[in-house]
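Report on the structure given below.
Numbered from 1 within each chain, the chains take letters A, B, ... in sequence-line order.
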Amino acid sequence: MTGMNEILLALQNASVQYGGVRALENVTTQIDEGEIVALMGPNGAGKSTALKALFGIVPMTEGRVLWHGKKIIPVPYEMSARGITFVPQGRQVFKSLTVYENLELGGYSLPNRRDLKNNIESVLQFFPGLKPKLGVKAGVLSGGQQQMLTIGRGLVADPKVLLLDEPSLGLSPKIVQEVFEKVREINLSRKIAVVIVEHSVKSVLSIAHRAYLMSHGKVIASRNAGEFEGSGELEQAFLASGTMRR
Amino acid sequence: MEYLIHIAVLVCLYGILGLSLNLVVGETGLISVAHAGFYGIGAYVTALLLVGLGMNFFLAMALGIIASGLVALLISGVISRLRGVYFLFGTIGLNIIAWSIFLNWQSVTRGPLGIPSIPRPGIWGLDLYQNLQFLFLAAASLAIVYFISVFIKKSSFGRVLNSIREDEEATQIFGYATSYYKLAIFTIGAMLAALAGALFATYITYIDPSSFTINESIFIFSTIVLGGLGSSRGAVLGPLLLVFLFEGFRFAGFPSEIAAQMRMLAYGFALVLLMLYRPKGIWGTFRI
């Protein structure tokens, strides 16, 4: 996919520090139009930090973010208007609001109510499981449904790029597979570029076009998704930290 | 009968205070104990304009509300960046500053002597000198504030406030500049509190700084915790119950030297029980 399409979003030479700890060191990644990119690596590798730096949730000590090739200063509440949405880790639904209200909140950047209604309608076609639950408080949904809701909420704004922070966290393998199927479907039918931060390597490589492998705050490999298998890099990165999950 | 009317007026005033504070605390999750400060600004500005300039009541009240809103807007520009307990401390400071100004700016507020003989409002040639007539004004105001608060709660603005209450960072992620929302609701809350202040000043016809202490803010806060945070009904029921509890103590038969202390004791005890057994209050949807 690389080179065929325009570069949408890029992180260049980014470094992030938490207190005195270096969480990200000179990391460069890019997302092209319409592709699925995975950020993989063991716990503490800096995957989520890289995603948050892209979105402006954590400040960078060095580096820059490019959007359509131009430098931008990422501020979380300005990103959705650009067409970038972030789906946070841990299925952060607004528990006391209904499913429908959660979806409505995702549509802040839309110009009018009609677009909001239409977009929610089309999101519900993707996630028919949410339809009978629209009036229900989001807090009572199951883990899988909450994950579908957070992704659906991210889609309401009709973004160009969707940033997913560990969507598989705390879900059973079967549900993870369903979630990833949905992500692939979204990518194919709506031409939305997706960045997935993921711990569970096998399932994410099955849907990603390209992947970055991270370890200790650095990118240690970057290839097309099919080329990781058998390269030994995955095993090395994960075994070094003792947290391989397949 | 006069006494019952008096209690009813108090319930209306505290109902307005409860509803307005509930927008800030219950709907948005901002723990504020500065409400008596804004209540006081409304009362003082209205009283000074009525006594000093003989201004029309509604005009004076409107200016009191605007003054309180401006103060809230200026200050929340600073404190709306704070979160949780830091915000709380900011509001404690705010109430103390407001109270100190009422107390010490003697050339304007007459300090501890207070402002006496504030005229009761007249509407359409009808003098509201009678308490019953004043009750209609207070009840109508309560009804208006109730509808405003229900309207805000149901609007998309209210939904964003609720989501800030749950998770401010996640709300920002969806494109909402949350500090503006916090600033807006804090200002609206302060303006509605000032409305209660204007009514209070003209009802009692005398004000002094002791009505606007941090204790008063805590009292208002406890009324809505009792009624239930995040519930408009609760924000009226809570004040009603606590006003009745306070007033009811007059008839408990304690000798007058200790009646006031016993009342505070019962109030404190009621708060502890409430926190132990019903932390969400009566109709609460949200717990701090």
I'd like to know whether NZ of A/Lys182 has more than 12 heavy-atom contacts from other residues, nucleotides or ligands below 6.0 angstrom. yes
Quick one: side chains of residues 27-36 of chain B, donor-acceptor pairs under 3.5 Å with protein atoms, not counting sequence neighbours, listed by atom name and distance.
residue	atom	partner	partner atom	Å
B/Glu27	OE1	B/Asn162	ND2	3.0
B/Glu27	OE2	B/Lys153	NZ	3.1
B/Thr28	OG1	B/Leu23	O	2.8
B/Ser32	OG	B/Ala34	N	3.3
B/His35	NE2	B/Ser20	OG	2.8
B/His35	NE2	B/Leu21	N	3.4

Contacts of residues 163-176 of chain B with chain A (heavy atom under 4.5 Å): B/Ser163, B/Arg165, B/Glu166, B/Asp167, B/Ala170, B/Thr171, B/Gln172, B/Ile173, B/Phe174, B/Gly175, B/Tyr176
Give the interface residues of residues 72-87 of chain A toward chain B, defined by a heavy-atom separation under 4.5 Å. A/Pro76, A/Tyr77, A/Ser80, A/Phe86
Cut-off 3.5 Å, no hydrogens considered: what does the side-chain donor-acceptor table look like for residues 44-67 of chain A, sequence neighbours left out?
residue	atom	partner	partner atom	Å
A/Lys47	NZ	A/Gly41	O	2.9
A/Lys47	NZ	A/Pro42	O	3.3
A/Ser48	OG	A/Asp165	OD1	2.7
A/Ser48	OG	A/Asp165	OD2	3.4
A/Thr49	OG1	A/Tyr18	OH	3.3
A/Thr61	OG1	A/Ser15	O	3.0
A/Arg64	NE	A/Gln12	OE1	3.0
A/Arg64	NH2	A/Gln12	OE1	3.2

